[in-house]
Structure formats: C-alpha cells, structure tokens
Amino acid sequence: MSYKIGTKCVQSGYTPKNGESRVLPIYQSTTYKYESSEQMGRLFDLEEAGYFYTRLANPTCDAVAAKITDLEGGVAGMLTSSGQAANYYALFNICENGGHIISSAAIYGGTFNLLDVTMRKMGIDVTFISPDSTEEEIMAAAKPNTKAVFAETISNPSLTVLDVEVFANAAHKIGVPLIVDNTFPTPVNLRPIEFGADIVTHSTTKYMDGHAVALGGAVVDSGNFNWAEYPGKFPGLCTPDHSYHGITYTEKFGKAAYITKINVQIMRDLGSMQSPQNAFLLNLGLETLALRMKKHCDNALAVAKYLNEHEKVEWVNYPGLEGSKYYGVTSKYMPNGSCGVVSFGLTGGREAAVKFMDSLRLAAIVTHVADARTCVLHPASTTHRQLSDKQLEECGVDPGLVRFSVGIEDADDIIADLAQALENA
Ligand SMILES: *Cc1c(COP(=O)(O)O)cnc(C)c1O
C-alpha cells in the first residue's frame, strides 16, 4: 500500500508488532546482546544484518531514517548528528583526496566553508558555479576527476531555487551523481529524486525537527545511480574494501551499496551518528511536518505580499511570490508551496536592517531558521561573517539581507509585529 505524504509523515518507519509499544521506543543502548561470538562475528563481517554497536546502527535511528527515506522516495538512508555531517559524509563517501566536486555557489555558509576550506585541505578540489547555470555551463566545469555535482534545492539564505532536472541531466552526462540538500522545501514540498537527483541530504535540525530542539542530519540514496558503470571513478564502491575482508559494495549490496558504505565505513571511522534521543524528538517533528509546512508556506506568502507593498522595503525575495525570479521554476517543482523563509532588504540598507530587527517583539533574533516560532537573522553580520563581500555576492547574500523565518503563529500577529518594527526602522 502506498500512502500519500501526510500519511507517511505520521506512519512510516515504525510498525509495532502485536503487544509492542505503539510509539517508537528510544533504544537508549550502545550495545546489543548475542547468544554466540560466532553470530556476532558474522555481523562484523557484514554477512548478517543486525545491531551490535550504536555507532553503526540503532533501532530508533533506523526507524527514523526509514521514515525520511520513504518520504523522499529513496531505497536506503542514514541519520547523522548534524546537517554538516550529512553533507560531508554524502560527498566524502565517493570523493577522496585527488577528487573534484562541482557545487552551486548558492549554499549554506557552513557547507560553503566545508567545501572551500576543510575539504580543500583534504586534497579535494571544488569549482563553484551559479545556481542558475545551464546544462552546458555545468558540464564546462567538469574535470576528469569530478565525482559529484552538489546544490541546494532552495538555498539558505539566498533562496535561489534549483532547476533540478537541468542539474541532474548535466551530472549524468558527466557521469557523476547529483547530490542535493533538500533541507528547506522538505520532501513534503519537493521530492528531488522524482526529478533525477541521486542522493538527497538534510539538516533535520530545521523543518523536520521544526521545534529547535535537536541537531541532526540525514542522507538518502535513490538507488538510481549506477556506480558499477564507472568503476575507475568510484573505486571505493566498486573495488574490494580491505577493512571488510575484501567485500565489494556494488557487488554485495546492489542498490544499497552507497548507503551501506557510508554507514559501515564512513560512519564507523568518523562517528558522527545521531543519538537515539534526538532521533526520537526528530520523529515527533516529522509526524506533524506536512501540517506545519502548509502553515509555514501560507504565512510566508502573506508576509512576502505584505513586505512587497511596504514603502520601506526595497526588495523581497520569496520563491512563491508572483514576480519572483524563481516563480516559474518554483511553480514547476513545488506547486504546493516552497518554504517558510522570506528574505528582504530595507531601503535604509544594513543600518536600517539592524534597527528593524532590534524593534521586533514577536520575532526573535536567533541563528536558527525553520522553527515553529518566527525568527530573524542578519546573515552578513552573523552566520556569514567569515565570508568576504565578494564571497557574499557569489553566494547571493546581499550585505543588507534580512532572513525572516516565518513561524506557524497567526499570520496577522506576525504582520503586526513587522509593521511596528518597520515603523521604527
Ligand atoms: C543548517 C543547514 C545545514 C547545516 O546543518 P546543521 O544541522 O546546522 O549542521 C546544511 N544545509 C542547509 C541548507 C542548512 O540550512
């Protein structure tokens, strides 16, 4: 039986058997008991599936990963301790020292630093391209050592909207997977695998949790990319892993090769697993995700329309706002809504932005975004302050940009708060 997305949010991932706990239990255990060392040995050899140590797998985390995988329409998934770990592992699973990544420049500041600073130190090269690149422009960035194309479906905080099919087609012509960070739309509003994306990542810290209580991340594999077609490009997946007595992931695990490797090798060795407590909280958030996304999007559209008419507002960027540069591509990929984040600039620039923010009463100044509570941030002076003005421009972040994350309160109250703060700005 295939359910719709709202039903999956509530029901997927955990199905109790007769007499078992109705609610997903928290398996607060690092370890698991077996009758014989021999059986446990088979688990270590990946000859049998089972739990043996929570760094590799935990039943609570697995159930939540299965729910997110079902929501995205993938074949297998894994939770991580943060969105940063999800993007790092998703890339590092197939791209090592000597490799190259093509990435959209319009990405989260933390991911930009991961690619531009830390992964470069590991000997991984990156070329940043415009999120609006054509197929030809993406392909022109390819090198013989390119291993992946990476982008955000809706970028944080610049709110560019990805033409997923254009990026997927280009990646596949280059012979590499398209990896997309789908944090902002969530699978409620966009399922990138349906448009050709191969791997989907998340910072579950945002809408999926939705209440700002637990950091987390997820990686979901569509199972569609044929790694075995490019054994020279993806030796980690297509040649024997000596840390498991020479198994070859593509041969032994087929469509689950990528997720099996990221779990049993990358997670085993680097260890950024999600705690079962956080997975339990994440699951509570997921149960109401479809309801919340609808409210976030309705409220955000009302806020965007209000700001767009206001004389002190110079520009408004909301993908779902008619007249937005991305309105067409948003309507195609996200007909039911995009996300709850609106960005805008005031006529008074950077200075007015700071004054406006300090005058808000309902909306709180926080680093966070995509919370049930309305919140606001000035990226240039906070999350993106490590970036130069030129880098800010490259990722589409105007120094005066205010990122307004619209919550699920009553829209009238959010707009009244904006009105009084704009008066003061
Ligand atoms: C927040 C965010 C991240 C990083 O996630 P953390 O959970 O904070 O580590 C990655 N990508 C996007 C789009 C984000 O918004």
Side-chain angles (χ1 to χ4, degrees), residues 61 64-65 68 72 78-92 101 103-119 128 131 150-162 164 167 178-190 192 197 199-220 267 270-275 278-279 281-282 285-286 289 293 296 300 319 334 338-343 366-371 375-377 379 382-384 386-387 395-397 401 403-406:
C61 295
V64 182
I68 296 172
E72 287 288 3
M78 182 183 80
L79 298 186
T80 58
S81 58
S82 67
Q84 285 300 111
N87 282 325
Y88 171 40
Y89 287 14
L91 290 164
F92 191 60
I101 294 161
S103 173
S104 160
I107 52 175
Y108 176 68
T111 314
F112 191 91
N113 285 332
L114 168 69
L115 289 163
D116 197 42
V117 178
T118 299
M119 289 181 80
F128 290 106
F150 178 83
E152 291 177 4
T153 49
I154 299 181
S155 65
N156 175 11
S158 54
L159 303 177
T160 62
V161 179
L162 194 73
V164 182
F167 271 65
L178 172 64
I179 304 181
V180 293
D181 180 330
N182 196 35
T183 297
F184 266 26
T186 82
V188 168
N189 286 337
L190 171 63
I199 312 285
V200 180
T201 62
H202 281 279
S203 165
T204 62
T205 317
K206 313 295 167 52
Y207 289 115
M208 283 191 170
D209 162 9
H211 302 77
V213 294
L215 261 110
V219 181
V220 174
M267 186 63 87
L270 300 178
S272 304
M273 62 289 163
Q274 189 164 129
S275 80
N278 279 7
L281 293 168
L282 169 57
L286 287 168
L289 183 65
M293 287 314 289
H296 279 296
M334 296 169 249
S338 49
C339 68
V341 183
V342 178
S343 65
V366 299
T367 312
H368 198 52
V369 66
D371 184 357
C375 52
V376 64
L377 177 82
T382 53
T383 47
H384 285 59
Q386 293 90 344
L387 305 189
C395 18
V397 180
L401 179 150
R403 184 181 73 184
F404 198 75
S405 172
V406 184

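Whatever order the structure lists them in is the order used to number ligands and atoms, beginning at 1. Basis for what follows: all heavy atoms, side chains included, without hydrogens, waters or symmetry-related copies.
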*Is there a side-chain contact between T204 and D209 (heavy atoms, below 4.5 Å)?*
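Answer no - side chains too far apart.
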
*Cut-off 3.5 Å, side chains only: do T160 and S155 have a donor facing an acceptor?*
yes

*Under 3.5 Å, is there a donor-acceptor pair linking the side chains of Y89 and S272?*
yes

_Checking side chain to side chain donor-acceptor pair (under 3.5 Å) between N87 and each of T80, T183, D181, which is the one that passes?_
D181

N/O contact list for ligand 1, threshold under 3.5 Å:
unit_1, atom_1, unit_2, atom_2, d
ligand 1, 5 (O), S203, OG, 3.0
ligand 1, 7 (O), G83, N, 2.8
ligand 1, 7 (O), S203, OG, 2.8
ligand 1, 7 (O), T205, OG1, 2.6
ligand 1, 9 (O), G83, N, 3.0
ligand 1, 9 (O), Q84, N, 2.9
ligand 1, 11 (N), D181, OD2, 2.6
ligand 1, 15 (O), N156, ND2, 2.8
ligand 1, 15 (O), K206, NZ, 2.6

*Search all heavy atoms of A86 against all heavy atoms of H202 and return the closest pair with its distance.*
CB-O, 3.8 Å

*Should the ring pair F112 and F128 be called parallel, tilted or perpendicular, given that the plane angle runs from 0 to 90° and is split at 30 and 60?*
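Rings of F112 and F128: parallel, under 30°.
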
